[in-house]
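Any value given below was found using the heavy atoms of this structure, including those in side chains, with hydrogens, waters and symmetry copies removed. Everything numeric in this text was worked out from a predicted model, so none of it was measured.
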Amino acid sequence: MGASSANGAAVYPQRRSNPALQAQLRLAHPCLLPAGTARIVAIAISTLGIALMLISLRPFAATSVFESSSSEGDALNQIGFMAAGVICLLALVCLANKKALASLLTPSFIALGLLIAVNVIQAPDPESTFRSAAFTVIGMLLAFSVIVLPRGESDFRFALLIGAGAALALSYAGVVFLPNLAIHGFDAYEPQHAGLWRGHFSHKNIAGPVMSIIAFFGLYIMRSGQRLTGLVMFAAATVFVVQTGSKTTTGFFPVAIMIVLLAPIFQRSSIAIFATLVTMLAVAIFTLGSLYSADISQLVGDLLGDQTYTGRTTLWEVSLSKIPEHPWFGFGLYNFWLTDNVLGLDKPFEAAWDYRHIVHGHNNYLDILLNFGFVGGAVLFWVLFVGPMFNYARARRLPGNRKLADMFFMIIVFVCLLSFIETFFLARNVPLWLMHIFAVFGLHLLARFDIGRSLPDH
C-alpha cells in the first residue's frame, strides 16, 4: 500500500527506471586508457566483430554445398576466431558494464551452459565435441560483445552500419568481379541452383537469410533517423535476397517485418508476439503437417511447385522416426547426422536424398530434439525462442529501446519461421546462428538496460 500525503491522496513509490547499459563504467586501468579512447576502442571492436560474424575469415571459400561444412576444420578460421574470442574477453573485462556481464547469470543461460558441458562430457568423441562446442561459445561471446561494448545506441548503430555494410558491399563486389565464386555454378549435387546468388557465403541458403537480416538492419537505421543510408542498405539487401532464389526465405522476410511493425502501429508488443505464434502454427501445419495430410501436401505443391520442400520432407520423416529412440535426452550434441546413427543405415533408394550424408535435418526444432531430447530441448527452446519474446515485451516498455528492440525481434521472428526448414542452432561460426544469438542477447540486454542513454566521454 502507498503512504498518504497531507491532503489524503495516496502516494505510491516511483518505479525505478532501467540503468544505462554502460552506467558506472569502471576500467581496469583508467590512467592508461582515457574515456575517449575507450569509446573508440569499443566501437572498433564492435564494428570488427559484426563484420567477422557476417563475413568470416574465409569469404568465397566454398564451391560446392558439401564444402561448406569443412570450414570448422580450417586453420585460419580456428586461429582467427580464437584470437577474436580472447580480444572480446579482454574487452569485456576492461570496457563493459559489470552489471551487464552479471545479467548473464540467469537460470536459463546457466542451464544452457550446463547442458552443453554435460553433452561434451558424455559425447562418444569428447575431444571433437569439445572443440566444436568451444567455437560455438566463442561465437556467442562475440555476439554478446558487439552489443554490450558500445557506449550508447548511436555508437552501436555506427558499428552496425559499417560492419553490416562491409558484408553487403563484399557480396555485391563478388557478384560483379568474382561471379564464378559469388554465383552458384553447375553443381552435380544441386544443379538447380546454377545462376543463383550466394555472395561471399558458402551457399544461397545462408546468403538469403543473412541478407534478410541485413535488410532488417537497414530498416532499423532508417527508422532511427538516417533515412537515406538505411533505405540504401534495406533495398540492396532485399534485391540480394530475391536473387538467391529461395522462395521460403523471400516469403518469410516480409512476413517478419509486417508482424513486428504491428507493435509500433498498435503500441502493444503483445500483438506482435501473438501474431508470431499464430504464424508459427500456420507454418508448422504447412511444413510438418504436410507429412500427415495429402491435402496440405497438394496445396504446398500448388503454391511452391514442390511438395517436398526440395527433399526436406524425407529428412523430417527420418527425424520424427528417430526422436522416439532417445526421447528424453536425445542422441547428444552434434551426435546424430554424419555419425554412425545415420551412416550405418541402408541406402534409401526410394528417398529424394541420401540422408546418410546430410549435415543436418533442415529443421531446427526437430534437430534440437534429436540432439537434446525433450529435457534438454526445453532449455534450448526457452533460451532461443520463448525467452526472447518475454524480453521483447519488457524492452518495449522503455521508449528509447523500442526501435532497436523491434530490430532484434524481427530477427527472432524470422529465425522462428526459418527454423521449420533450416538447422543452425549452436552452429559454431555459421553467420545465421551468430545473428540468432546476437538477437537473443540484444533483447536480453534491452529488457534490463536502457541502451538509449549514452555516457559522456569524460
Side-chain angles (χ1 to χ4, degrees), residues 49 53 69 71-73 77-78 81-82 84-86 88-89 92 101-148 319 322-323 326-339 341 359-361 363-388 391 412 415-416 419 422-445:
M53 288 193 296
S69 62
S71 61
E72 65 192 73
N77 264 316
Q78 288 183 350
F81 269 86
M82 287 176 63
V86 171
C88 287
L89 189 60
L92 289 174
L101 301 182
S103 74
L104 291 176
L105 298 177
T106 63
S108 57
F109 283 136
I110 293 172
L112 177 59
L114 292 174
L115 179 66
I116 294 174
V118 169
N119 273 266
V120 169
I121 294 171
Q122 295 182 341
D125 185 359
E127 183 179 349
S128 176
T129 304
F130 172 78
R131 186 166 55 249
S132 297
F135 281 104
T136 295
V137 172
I138 290 173
M140 295 169 71
L141 179 68
L142 183 62
F144 179 74
S145 299
V146 300
I147 307 169
V148 79
S319 299
K322 289 295 182 178
I323 288 173
H326 297 276
W328 300 115
F329 300 100
F331 286 84
L333 180 61
Y334 313 128
N335 195 44
F336 185 74
W337 301 104
L338 292 182
T339 70
N341 291 309
V359 295
H360 57 70
N363 186 298
N364 246 351
Y365 304 114
L366 296 182
D367 276 354
I368 286 173
L369 293 177
L370 280 170
N371 280 261
F372 297 115
F374 289 100
V375 176
V379 174
L380 210 58
F381 286 142
W382 178 270
V383 172
L384 298 183
F385 303 107
V386 182
N391 284 333
I412 295 297
V415 299
C416 280
S419 289
E422 295 294 345
T423 294
F424 44 86
F425 75 97
L426 301 180
R428 307 172 186 89
N429 57 353
V430 172
L432 186 54
W433 155 247
L434 294 176
M435 290 295 98
H436 186 179
I437 197 64
F438 170 72
V440 170
F441 284 138
L443 289 174
H444 168 86
L445 290 169

Inspect the surroundings of CZ in Phe130 and state if more than 12 heavy atoms from other residues, nucleotides or ligands are less than 6.0 Å away.
no
Distance in Å, Phe374 CZ paired with Leu369 CG, rounded so as to fall on 0.5 Å steps:
5.0 Å
Show your working on ring-ring contact (aromatic ring centres under 6.0 Å, His included) between Phe425 and Phe385 and close with a plain yes or no.
CA-CA 11 Å; Phe425 75 97; Phe385 303 107; 9.2 Å; no
For the residue pair Ala133 and Tyr334, what are the closest heavy atoms and their distance?
N-CE1, 4.0 Å
Please state whether the rings of Phe331 and His326 are parallel, tilted or perpendicular, taking 30° and 60° as the class boundaries.
perpendicular
Beyond-backbone contact of Phe372 with Leu115, side-chain heavy atoms, under 4.5 angstrom:
yes
Closest non-hydrogen contact found for Val383 with Pro388 is O-CD, 3.4 Å
For His436 and Phe424, take the angle between the two ring planes, folded into 0 to 90°, and tell me which bin it lands in: parallel under 30, tilted 30 to 60, perpendicular over 60.
perpendicular
Once rounded to the nearest 0.5 Å, what's the spacing between atom CG of Leu384 and atom CG of Asn364?
8.0 Å
Do Asn429 and Phe135 have side chains that get closer than 4.5 Å, going by heavy atoms?
no
Using the side-chain hydrogen bond (donor to acceptor under 3.5 Å, both in side chains) rule, collect all pairs that involve residues 117-126, keeping only residues at least two apart or in two chains.
none
Could you check if a side-chain atom of Leu112 sits within less than 4.5 angstrom of a side-chain atom of Met140, using non-hydrogen atoms only?
yes
Output the distance between atom CG (Leu434) and atom OG1 (Thr136), rounded to the nearest 0.5 Å.
9.0 Å
Report the residues that fulfil side-chain hydrogen bond (donor to acceptor under 3.5 Å, both in side chains) with Asp367, sequence neighbours left out, ordered by chain and then residue number.
Trp337, Thr423
Quick one, Phe81 and Arg428 - any side-chain contact, counting heavy atoms below 4.5 Å?
no
